[in-house]
Amino acid sequence: MIDKLSWVTIYPEIVLLVMACIIALVDLSDTSPRRTRTYILTLLTLAAVAVLTGLAAVGGKTSYGFGGMVVSDSMGNWLKCFASLALMVTLVYGRPYAADREMLRGGELFTISMLALLGMFVMIGGSNFLLIYLGLELLTLSSYALVALRRDNAVASEAAMKYFVLGAMASGFLLYGLSMMYGATGSLDLNEVFKAISTGKVNHQVLVFGLVFIVAGLAFKVGAAPFHMWVPDVYQGAPTAVTLLIGAAPELAAFGIIIRLLVDGLQPLAIDWQQMLAVLAIASLVVGNLAAIAQSNLKRMLAYSTIAQMGFMLLGLVAGSDQQGTQNAQAAYSASMFYVITYVLTTLASFGIILLLAREGFESEEITDLAGLNQRSPLYAGVMAIAMFSLAGLPPLVGFYAKLAVLQALIASGAAIYIGLAVFAVIMSLIGAFYYLRVVKVMYFDAPVTATTVSASFDVRTVLTINGALILILGVLPGGLMTLCYDAIAATLAH
Amino acid sequence: MGLLSLAIWVPIAFGAALLAFGRDEHAKGVRWVALVGAIVSFLVTVPLFMRFQNGTAAMQFVEKTSWISRFNVNYHLGIDGMSLWLVLLTSFITVVVVISAWEVITERVNQYMGAFLILSGFMIGVFSALDGILFYVFFEATLIPMYLIIGIWGGPNKIYAAFKFFLYTLLGSLLMLVALIFLYNKSGGSFDILSWHKLPLGSTAQTFLFFAFFAAFAVKVPMWPVHTWLPDVHVEAPTGGSAVLAAVMLKLGAYGFLRFSMPIAPDASHEWAWLMIALSLIAVIYVGLVALVQQDMKKLVAYSSVAHMGFVTLGFFIFNELGVSGGIVQMIAHGFVSGAMFLGIGVLYDRVHSRQIADYGGVVNTMPKFAAFALLFAMANCGLPGTAGFVGEWMVILGAVKANFWIGLGAATALIFGAAYTLWMYKRVYLGPVANDHVKELKDINAREFLMLSLLAIAVLWMGLYPKPFTDAMDASVVELLRHVAISKLPV
């Protein structure tokens, strides 16, 4: 179903790009310190895009456009929809923080974050090496700019520098790997590459060599150990609003690109890349969980927790072994997808609380800054506790089902080594529970440092409450989202 | 909504409402709402007992609806004779705990009461879940309120205790999760616990499952040598927390052995029974001796709990009817008695703020009414005939002697140690002349405490004098369980 110029497939992207330009213009006339007009316009745009992609996802049809350059399928549209929502929530949480730090003065925050989202959309919707790479670069370049948004802040500038250097290297890796794939298969189109590799006539050594670079590049982007070094520094150094921006929605896009590249394009090499991912996953679980224990900085701790969580997510991709048939692969990949979505939901809540507590000149970055939050505000302490217990994988919170789905995928493969992997993951998440619990401990058991109650504007309070409630509600009724992921992955694998 | 659903969700709904709307300014109202919630939850469970059909091993009050269709997980509830009394025990203890906290807890009352009500709902959920994931969700969820209860209202070393409690029990249950998923795959995609009972399994698989379940349940019971978290936690936990922990939470582990380990891996259970019996005997004898030298009353009762729970697991793994029923009876009895012991210590602690035995002496002179209750519970703890403590211990010993004389003899020594440490503590705390000024100024229990202790006293005496309803209800289920365990599941 490839027609030459199918604008319909990139409808949301067009809306996003046009609106980003319009918002940049509108912002010129909006001089209020909190940028209310720009803010509302941005939220409305994101909501519209979320609805557009959501509707497309419900339709569930897969269509290609631009000569097979872009693909619009159920999985991609859901990821886009959730990424838009995640960005919306990010901006709601981040605006007061950014306004307090005069980060809204130029109005770049909204425009650039929308461009970053556009980058994510292109990544998710690309069916061609070139396009995927373009999307990735749009996202990362926007991210570098966002991290450096506080020019006068030495920590943020340093973080931006590190991010840029390491990010550029990762992009280089990826590009090198992609070009080797092109050299071996003679095509940039994912479907063509897939076909070429399936024939088995391509030099396997070249393929695997290219694959190593691609996987390394991807590992950099998702922050999997041992390519994780930038994550703690950037998480800690970036202004918290930006940390959330690069830590939430882009994870969805990173998952999307992994599926596109490794599953859509390089599925015939699954045996090779799954081994690599397994090593990355194990390393991430170990490094993330052990290093997180030692952190006293909350943002840094959450950065290591991200590494560990991404390790768990990778295990889902490892589990989808092809020999067991597509049924198994569907279950495994959809487990990973569910994992990413719920992880983003939880990350939004936890950073939302940090942003809420961060007042002018006080970053609320240390774990001890949360001391006695329960006495100051039971509601926000509750939301944070729910987020922490969910990250630790405790029922009845949604994080439990994410871990359950991944473990199930691992054990379903039946191989003893995978069961061993599951047991290992379980023990690592026990270690993880320790540092999540410590946050709860500080909030509930320690005496508060200040007695001031926490106040938040109406929009932040509402969204934060809904965010926390969703972690719990999806924990009680996870079935819908699980089925959604399963069907979306099934549709992607089918073509 | 079925009765079991009501039993689970009524306390949770009350608890959630307290968390959401309760304020310390309205502490009085909060207490009353909590009490009403606890009483309503208890009344909801009473019809379970009234309408329970004796003489059948089938699950009763069954409810089943699809929950997570993707994994074929069902909201599947049902109880048999083994779980009936545990459900009632849970809702009963919650009422007592709410009364016990009445004037004692003055800060964040809504969170305290809310946590206990929610915990009660979760625990009833564990006892009535017939779906593996549903069971696991409730089993794990109990950790969250208990962690907060210990950490917020606990003693000076509460944080250490809260972490120890949480991480110890979490490790066990995570391995159980792996086992549950393994069974799901083995059974071709079902989390139905009852269908797992019929699943043929090879001996490697059974051994793996047995030890995965063992990790979860032995820590929870707790069996020697993984019992070390219990004394720490008991010492630090607030009175209500200790009472619920000893009275109900430890039973989650013992119940797991009955529902999972024994029927799902019967061959492995037989093969490893010697280990279970050995560990149980060590708990009974060695931990009993450890209890003897304790200076802290709570620690003493905590060690006595480990010893008493050793009886329970011993009863289960000698695989005869007397043993298994005795174990279950002992679970219920220990629920009443240990709950009462901890609440009694709480009564003293509220007045003197010490749990050291040495700080007391001659309490009977100033608190005669309380001392009378304490004597009754102490007697029940030693297993005096006519009290709840006797029935279960006697059945287990009888069952053990039937299986092997020496095991029976070992178990029987527990009666001696139990009597020794309990009576010795009673003598040092209550009898003799008034020891110091603190004791001289003690006021006897008020109407609230009297009510709380009488409720437990009635339960202890009722069970001691007329245990027939308890054993009648569980009889058929126990026979069915043993029939299951006797059949090998190894593929021929």
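Any value given below was found using the heavy atoms of this structure, including those in side chains, with hydrogens, waters and symmetry copies removed. Numbered from 1 within each chain, the chains take letters A, B, ... in sequence-line order.
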For the candidates B:Val178, B:Leu180, B:Asn185, which exhibits the highest count of non-hydrogen atom pairs separated by less than 4.5 Å from chain A? B:Asn185
Which portion of B:Leu148 sits near chain A, non-hydrogen atoms under 4.5 angstrom: both
Is the distance between the ring centroids of B:Phe71 and A:Tyr401 under 6.0 Å? no
Given that the side chain runs from C-beta out, which part of B:Ala162 has a heavy atom under 4.5 Å from chain A: side chain, backbone, both or neither? side chain
Which atom of B:Leu167 lies closest to which atom of A:Leu430, heavy atoms considered: O-CD1, 3.6 Å
For B:Tyr147 versus A:Val440, what's the shortest heavy-atom pair and its separation? CE2-CG1, 3.8 Å
Testing the basics here: between B:Trp67 and A:Val476, what is the closest heavy-atom pair and its distance to 0.1 Å? NE1-O, 2.6 Å
Gap between atom CD1 of B:Ile159 and atom CZ of A:Arg438 - 0.5 Å precision: 12.0 Å
Look at B:Leu19, B:Leu170, B:Val137, B:Leu143 and state which one has the largest set of heavy-atom pairs under 4.5 Å with chain A. B:Val137
Between A:Asp446, A:Ile431, A:Leu404, which residue shows the highest count of heavy-atom pairs closer than 4.5 Å to chain B? A:Leu404
Do A:Lys403 and B:Leu177 have side chains that approach each other closer than 4.5 Å (heavy atoms only, starting at C-beta)? no
Which distance, rounded to the nearest 0.5 Å, do you find between the CG of A:Leu410 and the CD1 of B:Ile181? 9.0 Å
Testing the basics here: between B:Ile144 and A:Phe389, what is the closest heavy-atom pair and its distance to 0.1 Å? CG2-CE1, 3.5 Å
